[in-house]
Amino acid sequence: MTVDERLTHARWTEALRDGRLLGQRCSECDTVTATPEAACPACGARGLETIDLPTSGIVHTATTIEVSPTEFDAGYRVAVIDLETDGGARVTARLEGEASIGDRVELTDVLEVRETVPVFS
Amino acid sequence: MTVDERLTHARWTEALRDGRLLGQRCSECDTVTATPEAACPACGARGLETIDLPTSGIVHTATTIEVSPTEFDAGYRVAVIDLETDGGARVTARLEGEASIGDRVELTDVLEVRETVPVFS
Amino acid sequence: MEGASVVGVGMTDFGVHDQPLPELFADAAFEAMDDAGADADVIDAFYLGNAMGGQTESDTHLAPTLASHIGLAGIPCSRFEDACATSSNAFKHAVEAVRAGTHDVVLVGGVERCTPSTGLETPEMTAIFASASHRQYEQPTGLTFPGVFGLLTTRHMHEHGTTEEHLAEIAVKNHANGTLNSRAQFGKETTVEAVLDSPVVASPFRLLDCCPFSDGASAVVVANAAGASTLTGDPVTVAGVGHATDVIPLAEKADLTATQSARDAASQAYEQAGIGPADVDVVELHDCFTGAEVLAIEALGLVEDGEGGPASARGETALDGRIPVNPSGGLKAKGHPIGATGAAQIVELVEHLRGEAGERQVEDASTGLAHNLGGDAGTTIVSILEVAR
Amino acid sequence: MEGASVVGVGMTDFGVHDQPLPELFADAAFEAMDDAGADADVIDAFYLGNAMGGQTESDTHLAPTLASHIGLAGIPCSRFEDACATSSNAFKHAVEAVRAGTHDVVLVGGVERCTPSTGLETPEMTAIFASASHRQYEQPTGLTFPGVFGLLTTRHMHEHGTTEEHLAEIAVKNHANGTLNSRAQFGKETTVEAVLDSPVVASPFRLLDCCPFSDGASAVVVANAAGASTLTGDPVTVAGVGHATDVIPLAEKADLTATQSARDAASQAYEQAGIGPADVDVVELHDCFTGAEVLAIEALGLVEDGEGGPASARGETALDGRIPVNPSGGLKAKGHPIGATGAAQIVELVEHLRGEAGERQVEDASTGLAHNLGGDAGTTIVSILEVAR
Ligand SMILES: [Zn+2]
Ligand SMILES: [Zn+2]
């Protein structure tokens, strides 16, 4: 795979705005990641195939933020969503609604504060 | 000398606002500095006597700043002023007027942007 | 390879300091140098930990600036930044430098101001802390550092049944320890009820589960045998230092409750020291939030995985417990001036190993362990100190 | 003590890059690893230079974040910041680590974004650069970094008769060299007249006396003999590294034109290498402003004190001169992504010592010297590389 084909933040962001969640599958160890890397975090291989990830998943953990940084208004939830892929991909996202650990949620929106990140609910 | 007697930024600033330029003389090597230190920059000794420095001196070098940081309006001069003490004290200051290297200038004002610094002219 | 020892230690009170960084640091540095019996001219190098002076105070290139202020200009000066593990990384490099004989005596320091004395209020400082999470994939979700550990701890609660009461017991213990430490930011006891009544910062953490914003400085003098022979301080041996990292962002970590970098760093340190968790007498660890202490005592092998909450509630980590953890009060009660924290852990351990810890002295402590974590446990450094033989 | 060598090098174009720091850095790191023949699993540690990611991009704890991105998570990762000398300090520590056998193979990197691609315009970036001057006694005067070197150079002009034309000749030389370097930010020649006609930034410096704001990344693989034996890259020997500091703030320096830290660091490096200035064939030095090159060639002993201006105007430091300085184009033409600059100097020297520098190759170069300065010359690191014997 050439460098030009490597999944970038720009391409990942563009896809997310279109409602798609792009990830990468390692050609060596099959680890799947849900945000772009230049090499596999598990084995260091650079051969990473860009793939479409499921847009639904299970809440792996979540927190409600009541003291927020500038640019954010407190009282929101951030979660790690398990996308239930074979390679174990998870993604950090905004979580709308009341879902708890173990509940199924869907990619329903994006949040755009400086960058674009997924919103599940 | 106790720590309480060490010349601090707070005390130096207060004196500067009163038109006085405080410095320190090293009890070991007689080096004089014009901004507070906890130990002598020349020899490392901690025995530093707080002294009044001359409020006039000679321009040692200067620059005119035409591209300024935020909080400052370009078109001003910054200079290093040689206070002509035995211990060789110099201080960085705003320089008003047209004085060049070798010209005598006087402490005439302070500039207060975040901190207080001397203005010579 | 030569041995390394800590020959002198010093720190300021942690709390609110309205002084420029050079003046604040001088107070800790001179205390450490005097404790070591080290004049300015025997210090061969200066390794500084400062995490965010550029962001908080528009102050960078700080290592030579601080060195100048305390009479050390000329020597090699280096600033390290590895989020909250900042000054432990400076300490590690100093230990490596004296072991190699590159330098004989190194001053290691940490300094930071995080309180509103910087002119920054909670939202601004929260944003600056959050800069240690992933810029593209975490910060834009609004994730904060209480939130990072909230995610890890919420998962731990789910997997192991850890409760908010367990977490509160850790705050109670560390506050109690802090009352015995005159340098601690919080000198008052608290109760489980008070913790659980305090407002949520990031669930499951309430205000009293969280370390405060702190200003402070710490310093230690590290030397090899040649260096120590010229000094008069009572040396404590550095038996091992481990340093490991883990995948960032946190969603890509294999196991959110493992803090794997702590396990790896601990393994390295235990191996270097030739000991295991059961041989440790006193621990200073990175309890930025109460849940972080649960994860840490498990990662260090002090309790079984999943037992961190109940073991803490049973008093196993109390000052008079099986394995005293954070006798200083920890980050929770002592305070957490980011760049000063790692070196301050070493200060506390040295005092215990010298038998100079006063009311909070862990009896007959001969082996101490420091655990300092950076970011979302993306970095952990574990240091083991022993009474000099 | 073992020897150290540079076994692989890589860098991005310097200029404007609209990529996140991890992606930008990966391009340099993979090039260096491939050049060395180093797979991810042979890298023992990662030493990063990044000067101001916290201030410019809200991005800290970058060492493990970048390591994760390129498949190196797990190993010890450290970030160094020493203003403009940032990645040279990372390089120095890597050399020391492999010499000591602490690690066998270390990846050293530098990365920074300083252009408006960060969202910050000139006044904001000028303020961030100024954070490396003294927070209490220099920044509040409105002093900028062009201003810092303006003070030093104005004094040099007064003492030695250095002229604006002398300074302009340095810009002309470095721009000419830059046209031969495809990675340089400025690929066009300039003239003395064009320099003197450009607007003043901080007297005596005009726009064309100043290095640009740049984005970029650089990386080198450093190894000891054991490490190098597992790699396939063509090694270049690290013969010496010197590191010294000077008093800060600048008004307290004994001599404003000496850049004493450069003299001290050079003495250390020359002594380690067992050579003197006359033995150096090619130099990459810190010409953040044209006047800085004058001060540097004097401090390094390449010309007599006071002769820096006239010697430059006479062409002594040109690519075909007595001692070629900044064949890459220097910071002036190649660009100056702060944290990437020091490691990029090493990249350039390695290419010359391997005979791979193409059109700008210094003929028969067997000894190269890099001079990287931080702050107001409060820090200087001098590294000497030699063709492996
Ligand atoms: Zn893989
Ligand atoms: Zn003195």
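The figures here come from the full heavy-atom set of this structure, side chains too, leaving out hydrogens, waters and symmetry mates. The chains referred to below are lettered A, B, ... by the order of the sequence lines, with proteins before strands, and numbering in each begins at 1.
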Asks: Checking heavy atoms, do the side chain of B:Leu111, its backbone, both or neither come under 4.5 Å from chain D?
Replies: side chain

Asks: For the side-chain hydrogen bond (donor to acceptor under 3.5 Å, both in side chains) test, which of D:Glu252, D:Gln136, D:Glu138 pairs with B:Thr35?
Replies: D:Glu252

Asks: For chain D, which residues from residues 66-78 of chain B lie under 4.5 Å away (heavy-atom distances)?
Replies: B:Glu66, B:Val67, B:Ser68, B:Pro69, B:Thr70, B:Phe72, B:Tyr76, B:Val78

Asks: By a 4.5 Å heavy-atom criterion (distance strictly below it), what part of D:Ile248 contacts chain B: side chain, backbone, both, or neither?
Replies: backbone

Asks: Side chain of D:Thr154, backbone of B:Ala62: donor and acceptor closer than 3.5 Å?
Replies: yes

Asks: Need one label for B:Ala89: side chain, backbone, both or neither, based on atoms under 4.5 Å from any heavy atom in chain D.
Replies: neither

Asks: Is there any residue in residues 97-106 of chain B with a non-hydrogen atom under 4.5 Å from a non-hydrogen atom of chain D, and which ones are they?
Replies: B:Ile101

Asks: Could you tell me which portion of B:Glu37 (side chain, backbone, both or neither) has an atom closer than 4.5 angstrom to a non-hydrogen atom of chain D?
Replies: side chain

Asks: Just to be sure I understand the criterion: a residue of residues 114-121 of chain B counts if one of its heavy atoms is under 4.5 Å from a heavy atom of chain D. Which ones qualify?
Replies: B:Arg114, B:Glu115, B:Val117

Asks: So, taking the atom named CZ in B:Arg90 and the one named NZ in D:Lys253, what distance separates them when rounded to the nearest 0.5 Å?
Replies: 11.0 Å

Asks: Ignoring hydrogens and geometry, is there a side-chain-to-backbone donor-acceptor pair from D:Ser203 to B:Thr63 under 3.5 Å?
Replies: no

Asks: Among D:Gln139, D:Met157, D:Arg135, which has the most heavy-atom pairs under 4.5 Å with chain B?
Replies: D:Arg135

Asks: Heavy-atom pairs under 4.5 Å with chain B - which of D:Thr153, D:Val247, D:Thr141, D:Thr144 has more of them than the others?
Replies: D:Thr141

Asks: Determine whether more than 12 heavy atoms belonging to other residues, nucleotides or ligands lie under 6.0 Å from atom CD of B:Glu14.
Replies: no

Asks: Please list, in residue-number order, every residue in residues 20-33 of chain B that has a heavy atom less than 4.5 Å from any heavy atom of chain D; write 'none' if there are none.
Replies: B:Thr33

Asks: Taking atom CG of B:Asp18 as the centre, report whether more than 12 heavy atoms of other residues, nucleotides or ligands fall under 6.0 Å from it.
Replies: yes

Asks: So how far is it from B:Ile65 CD1 to D:Phe205 CZ, rounded to the nearest 0.5 Å?
Replies: 11.0 Å

Asks: Under 4.5 Å heavy-atom distance to chain B, tell me which part of D:Glu121 shows up: side chain, backbone, both or neither.
Replies: neither

